[in-house]
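This report concerns only the one structure given below.
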Protein chains: 2
Amino acid sequence: MPKQVDVRERRTLIADALMRVAAAQGLEAVSVRHVAAAAGVSVGMVQHYFRTKDEMMVFALDVVRDRNQTRVTAALSALGPDPQPRVMLRTLLVTILPLDEQSRADGLVALAFLAYTAVRPAGVKSDDTAQMLGFIASLLPDPDAAVGVLALMEGLGMYVLGGQYTAEQALTALDAQLDLLF
Amino acid sequence: MPKQVDVRERRTLIADALMRVAAAQGLEAVSVRHVAAAAGVSVGMVQHYFRTKDEMMVFALDVVRDRNQTRVTAALSALGPDPQPRVMLRTLLVTILPLDEQSRADGLVALAFLAYTAVRPAGVKSDDTAQMLGFIASLLPDPDAAVGVLALMEGLGMYVLGGQYTAEQALTALDAQLDLLF
DNA sequence: CGCTTTAAAATACGATCGTATTGCAAAACC
DNA sequence: GGTTTTGCAATACGATCGTATTTTAAAGCG
């Protein structure tokens with residue numbers, strides 16, 4: 001057999017290409033052929049690592065989520081020991097907001113997938129929302145406010161992605177909310 | 001020539017079918033043929049009223065927006081004369097949230113279109129955001145809080161659509177925010 | 001009434017889709 | 001070192017896509 005290959009790495013390579021296509025031309029432009037071309041590989045190779053297109057999509061969605069998770073934990077651990085809850089929360093929220101170019105691309109992909117999975121029967125979506133909610137609640141004076149905080153961040157992200165809000169507007173609104181809650 | 005026909009009505013008939021397809025199977029399932037079948041008409045007729053698929057999509061998006069607008073003004077005018085700002089604002093927000101089945105379908109369509117237009121070059125999106133923002137600001141003690149209120153509502157709507165939040169959770173978070181602001 | 005215009009259907013066309021199938025070369029294994 | 005397994009490419013297949021073209025029939029108008 002040919003040289004042993006890192007399956008996860010190959011899959012990620014393809015998923016990255018998928019996300020580039022999705023961010024640039026939308027999820028509807030994501031086809032096996034386009035993704036293969038964007039990755040610089042053959043259609044057959046994509047098929048080798050993903051039996052179906054849906055399998056590929058689900059994997060790519062997982063990659064986006066993992067990346068977000070990684071960004072968040074990195075930003076949080078960069079805060080040093082024993083940061084104030086408010087600082088931690090703000091860091092978390094700002095990290096997830098699509099403010100720079102890379103996280104903007106991720107956000108576009110996540111948005112496209114959101115619309116994609118909203119209709120799917122089930123099984124695809126995981127519940128990182130619940131755990132995020134719990135974490136936010138642990139940082140707030142009033143844990144019940146977590147639902148609103150998460151929703152506010154999501155909404156700000158949407159409007160930033162859509163171009164209706166600037167990054168500054170989003171940050172201002174976020175800080176105003178934190179002022180209210182702390 | 002055949003009987004004169006109400007063009008707008010025919011277009012709306014087709015757009016309604018489009019939205020039914022999009023709400024049930026996602027925007028990717030929206031094809032000229034599917035829409036025609038869902039509307040119970042021929043492909044040729046769809047082509048007669050929309051020269052391209054994109055033209056059809058843009059029209060459908062406009063219909064969704066108009067319907068939302070209509071719902072809001074109806075709900076507001078049902079409040080009677082001189083309602084309190086807080087009541088007006090709450091009515092506005094609750095009306096837009098996808099809490100019942102019909103507005104949920106509209107919300108799904110709007111979400112799908114959001115992902116669709118986020119990538120499109122330009123021209124498609126209108127700026128009803130700005131006018132909504134102004135209206136909300138006029139109802140708030142602190143007009144600057146409008147940005148956050150609108151984003152919160154959008155985020156709540158997303159999570160309700162995605163099934164992560166229940167309608168009750170969304171309403172509770174909304175009222176909590178109004179308590180903070182008034 | 002006959003001509004013309006137009007709503008609507010039917011069909012055709014080439015491109016692209018997801019996926020199945022087949023072929024082949026390279027390396028791991030006995 | 002031959003055999004077998006596996007990574008990957010190539011290609012084929014039928015379905016579906018958006019759209020162009022052609023036909024049919026009905027009704028407005030002189």
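All chains are named by letter (A, B, ...) in the order of the sequence lines, taking the proteins before the strands, and each is independently numbered beginning at 1.
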Spacing of M56(B) atom CE relative to dC17(D) atom C1', expressed in whole Å: 12 Å

Phosphate contact (dC17(D) OP1 or OP2) by S31(B) side-chain N/O below 4.0 Å: yes

Gap between atoms CD and P, on E28(B) and dA15(D) respectively (whole Å): 20 Å

Interatomic distance where CG belongs to L18(A) and C1' belongs to dG18(C) [whole Å]: 14 Å

Short side-chain N/O contact from H48(A) to OP1 or OP2 of dG7(D), under 4.0 Å: yes

Phosphate OP1/OP2 of dA10(D): any S42(A) side-chain N/O under 4.0 Å: no

Under-4.0 Å salt bridge between D106(A) and R65(A): no

From dA10(C), dA7(C), dC8(D), nucleotide with atom closest to V5(A) side chain: dC8(D)

Residue Y49(A), side-chain atoms from C-beta onward, closest of dA8(C), dG7(D), dT19(C): dG7(D)

d(CE, M45(A); P, dT11(D)) in whole Å: 18 Å

Length of the line joining L27(B):CG and dG18(D):C1', which is rounded to integer Å: 16 Å

Earlier contact from the 5' end, DNA chain D, for R33(A) and V46(A): V46(A)

Residue E55(B) excluded, over 12 heavy atoms near CD under 6.0 Å: yes

Touch class at under 4.0 angstrom, heavy-atom based, for V30(B) against every strand present: sugar-phosphate

Presence of R10(B) side-chain N/O under 4.0 Å of dA8(C) phosphate oxygens OP1/OP2: yes

Least distance between heavy atoms, A112(A) atom then A115(B) atom: CA-CB, 3.9 Å

Nearest listed nucleotide, side chain of Q47(A), among dG18(D), dG7(D), dA10(D): dA10(D)

Whole angstrom value for the distance that separates C1' of dG7(D) from CZ of R51(A): 17 Å

Contact under 4.0 Å: H34(B) side-chain N or O vs dC17(D) OP1/OP2: yes

Between Q169(B) and Q164(B): side-chain donor-acceptor atoms closer than 3.5 Å: no

Gap between atoms NZ and C1', on K53(A) and dA20(C) respectively (whole Å): 17 Å

Pair D6(A) + R11(A), salt bridge at N-O below 4.0 Å: no

Rounded distance (Å) that lies between atom P of dA7(C) and atom CZ of F50(B): 14 Å

Closest-nucleotide 5' rank along DNA chain C - winner of V43(A) and V7(B): V7(B)

